[in-house]
Student: 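Shown below is the structure under consideration.
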Amino acid sequence: MIIAPKTRGFICTTAHPEGCAANVQTQIDYVKSQPALSDPPKNVLVVGASTGYGLASRIVPAFGGGAKTIGVFFEKPGTERKTASAGWYNSVAFEKAAAAEGLYAKSFNGDAFSNEMKDQVIETIKNDLGQVDMIIYSLASPRRTDPNTGEVYKSVLKPIGQPYSQKNLNTDTGEVNSISIEPAEGDDIANTTKVMGGEDWEMWLDALSEAGVLAEGATTIAYSYIGPDLTYPIYTNGTIGKAKEHLEGSASRMNEKFGDGSAYVSVNKALVTQASSAIPVVPLYISLLYKDMKERGNHEGCIEQIQRLFSDHLAGGSAPTLDERNRIRIDDWEMQDDVQSAVMELWEKVDTDNLSEISDFAGYKEEFLKLFGFGLEGVNYEEETNQEVDLPSIS
Ligand code: NAI
């Protein structure tokens with residue numbers, strides 16, 4: 001079929017196989033242009049490996065350090081009438097590129113929260129790798145089924161205590177308006193923590209350890225976000241922030257269980273991904289942030305962020321640099337005082353009329369489409385393409 005983008009708000013319901021492959025290849029090329037990782041992990045499990053930060057976290061150790069990787073994700077394959085989801089095409093492209101270089105790569109498509117998925121992955125580690133020495137946990141999900149009770153929990157993006165009103169961007173129309181969000185009620189905080197907190201992360205590590213497939217001195221990392229004061233009510237001090245606090249608690253518990261230095265939370269930069277585009281206020285902030293950081297020359301995407309995470313903090317045999325709460329901070333460039341004060345100045349000024357002049361909304365839209373494989377150089381979007389691409393190493 002001939003595939004064009006079909007977007008609605010923060011959702012694009014189509015994806016382009018060659019475009020996604022080009023996107024993955026650009027990331028691989030970037031990693032190869034960097035110095036090889038010193039003392040890299042050998043066998044890496046990435047949970048949430050198909051898009052955004054997780055995909056980058058699979059590409060960096062594989063192509064920068066020759067690591068064998070297992071990826072877990074929840075994506076849709078293509079059918080006769082529908083394209084696959086972007087993460088499916090990304091993973092097919094990753095697998096092909098890995099195979100072309102003789103790198104081991106296996107992928108599992110299904111629910112990472114389930115016991116069955118953990119069992120399947122453990123079986124594969126036992127059979128193929130023996131043990132894993134790094135586990136990256138990069139899930140972003142709106143819901144989770146508790147594997148033991150079958151109960152479904154939904155996460156919400158809400159402030160806590162009082163309503164939150166702020167400028168907001170309608171990414172369909174380019175209109176800067178304002179949004180008001182009512183505070184969390186009932187079980188909102190507990191449910192969001194159940195989905196996006198560290199419980200499942202710990203369950204993965206416990207399962208790997210109990211099965212004897214966790215290498216001595218293995219490291220695990222999960223990702224978090226802090227951001228500027230203006231998004232605090234909806235992020236850091238909101239329901240999702242409570243879940244991220246729980247994630248930090250899980251890291252401490254795992255450090256006690258598996259030894260100091262085994263679990264880290266890395267605070268990453270705000271970037272356009274499928275998950276972040278669903279958060280109110282954040283797309284406008286990202287459009288202003290990109291404008292400033294691109295002008296300064298210190299803008300990074302997922303792949304540059306994760307390359308820096310590995311080269312500066314995770315590879316090379318020395319311990320990562322941590323903040324006062326034991327977190328790795330690769331959001332350091334975003335949070336620099338000069339960047340933040342420039343972005344806040346823009347924030348005060350931004351409206352519908354000056355959006356395209358003082359923000360990088362054009363860059364935001366471009367990046368958003370690229371997530372789904374659209375707008376990549378060298379791809380002929382007029383051409384018929386096969387939307388039903390498959391690989392045997394995807395289970
Ligand atoms: P994303 O939407 O690009 O990726 C989510 C991944 O989770 C995909 O691979 C998806 O297939 C997988 N997934 C979702 N539900 C699943 C399930 N039930 N079973 C198996 N796989 C499942 O999201 P993004 O933005 O890369 O987020 C990853 C992590 O990074 C999250 O913890 C997020 O909070 C964090 N983060 C994101 C930032 C951003 O600006 N995008 C900034 C800082 C942290």
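First listed ligand is number 1; within each ligand, the first listed atom is number 1.
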Student: Could you tell me which atoms of ligand 1, counted from 1 in the order shown, lie closer than 4.0 angstrom to a heavy atom of Ala275?
Tutor: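 Listed by number with element, the hits are 2 (O), 23 (O), 25 (O).
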Student: Considering Ser276, Ala56, Ser50, which one's heavy-atom position lies nearest to atom 9 (O) of ligand 1?
Tutor: Ser50
Student: Looking at Lys158 and Glu182, is there a salt bridge between them, counting it only when a charged N and a carboxylate O are closer than 4.0 Å?
Tutor: no
Student: Does the side chain of Gln274 come under 3.5 Å of the side chain of Thr51 through a donor N or O and an acceptor N or O?
Tutor: no
Student: For Arg144, state whether at least one heavy atom is located under 4.0 Å from any atom of ligand 1.
Tutor: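 No, Arg144 has no heavy atom closer than 4.0 Å to ligand 1.
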Student: So does Arg308 pair up with Glu300, basic N to acidic O under 4.0 Å?
Tutor: yes
Student: Provide, to 0.1 Å, the distance between atom 43 (C) of ligand 1 and the closest protein heavy atom, together with that atom's residue and name.
Tutor: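 For this ligand atom, the closest protein heavy atom is Ser224 O, 3.2 Å.
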Student: Number the atoms of ligand 1 from 1 as they appear, then name those within less than 4.0 Å of a heavy atom of Phe113, with their elements.
Tutor: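 Those of ligand 1 that fall under 4.0 Å from Phe113 are 18 (N).
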Student: Atom 19 (N) of ligand 1: which protein heavy atom is closest, and how many Å away?
Tutor: Ala112 N, 2.8 Å
Student: Quick one: which ligand 1 atoms are inside 4.0 Å of a heavy atom on Glu75?
Tutor: 10 (C), 11 (O)
Student: So which heavy atom in the protein is nearest atom 4 (O) of ligand 1, and how far is it from that ligand atom?
Tutor: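 Checked against all protein heavy atoms, atom 4 (O) of ligand 1 sits closest to Thr51 OG1, 3.0 Å.
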Student: Considering non-hydrogen atoms of the protein only, which is the closest contact for atom 42 (C) of ligand 1, and what is the distance?
Tutor: Lys269 O, 3.2 Å
Student: Assess whether a salt bridge exists between Lys32 and Glu101, defined as any Lys/Arg side-chain N lying under 4.0 Å from an Asp/Glu carboxylate O.
Tutor: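 Yes, charged N to carboxylate O under 4.0 Å.
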Student: Would you mind checking if Lys242 and Glu245 are paired as a salt bridge, meaning a charged N to carboxylate O distance below 4.0 Å?
Tutor: yes
Student: Less than 4.0 Å between a side-chain N and a carboxylate O, is that true for Asp187 and Lys194?
Tutor: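 Answer for the salt bridge query: no.
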Student: Relative to each other, are the rings of Tyr225 and Tyr235 parallel, tilted or perpendicular (30° and 60° limits)?
Tutor: perpendicular
Student: Report yes if the distance between the aromatic ring centroids of His16 and Tyr89 is under 6.0 Å, otherwise no.
Tutor: no
Student: Between Ser180 and Ser165, is there a side-chain donor-acceptor contact under 3.5 Å, judged purely by atom types and distance?
Tutor: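 Ser180 and Ser165 do have a side-chain donor-acceptor pair below 3.5 Å.
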Student: Give the single entry among Ala243, Ala140, Gly52, Ala270 that approaches atom 14 (C) of ligand 1 most closely by any heavy atom.
Tutor: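 Ranked by closest heavy atom to atom 14 (C) of ligand 1, first place is Ala140.
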Student: Heavy-atom distances under 4.0 Å are what count here, so tell me which part of Ala49 touches ligand 1: side chain, backbone, both or neither.
Tutor: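 For Ala49, only backbone atoms sit under 4.0 Å from ligand 1.
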Student: Starting from atom 15 (N) of ligand 1, which protein heavy atom do you reach first, and at what distance in Å?
Tutor: Ser141 CB, 3.5 Å
Student: Output the list of atoms in ligand 1 that are nearer than 4.0 Å to some heavy atom of Gly48, sorted by atom number.
Tutor: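 Under 4.0 Å from Gly48, ligand 1 has these atoms: 6 (C), 7 (O), 9 (O), 12 (C).
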Student: Can a salt bridge be assigned to the pair Asp331 and Arg329 using a cut-off of 4.0 Å between side-chain N and carboxylate O?
Tutor: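 A salt bridge links Asp331 with Arg329.
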Student: Which is closest to atom 28 (C) of ligand 1 in terms of heavy atoms, Ser277, Gly110, Ser138?
Tutor: Ser138
Student: Indicate whether the side chain of Tyr53 and that of Asn268 have a donor and an acceptor atom separated by less than 3.5 Å.
Tutor: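 Note: Tyr53 and Asn268 side chains miss the donor-acceptor criterion.
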Student: How far is atom 25 (O) of ligand 1 from its nearest protein heavy atom, and which residue and atom name does that atom have?
Tutor: Thr273 OG1, 2.6 Å
Student: Among Val46, Leu139, Leu271, Val47, which one puts a heavy atom closest to atom 31 (C) of ligand 1?
Tutor: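 Among Val46, Leu139, Leu271, Val47, the closest heavy atom to atom 31 (C) of ligand 1 comes from Leu139.
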Student: Can you tell me the protein heavy atom closest to atom 34 (O) of ligand 1 and the distance?
Tutor: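 In this structure, atom 34 (O) of ligand 1 has Lys244 NZ, 2.8 Å as its nearest protein heavy atom.
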Student: Heavy-atom distance to atom 37 (C) of ligand 1: which of Tyr53, Tyr235, Tyr223, Tyr225 wins?
Tutor: Tyr53
Student: Between Phe74, Phe108, Trp201, flag the one that comes closest to atom 17 (C) of ligand 1 by a heavy atom.
Tutor: Phe74
Student: Around atom 18 (N) of ligand 1, find the nearest protein heavy atom and jot down its residue, atom name and distance.
Tutor: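 For this ligand atom, the closest protein heavy atom is Asp111 OD1, 3.0 Å.
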Student: Between Tyr137 and Asp200, do the side chains contain an N or O donor and an N or O acceptor separated by less than 3.5 Å?
Tutor: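 Checked: Tyr137/Asp200 side chains pair up, N/O donor to acceptor below 3.5 Å.
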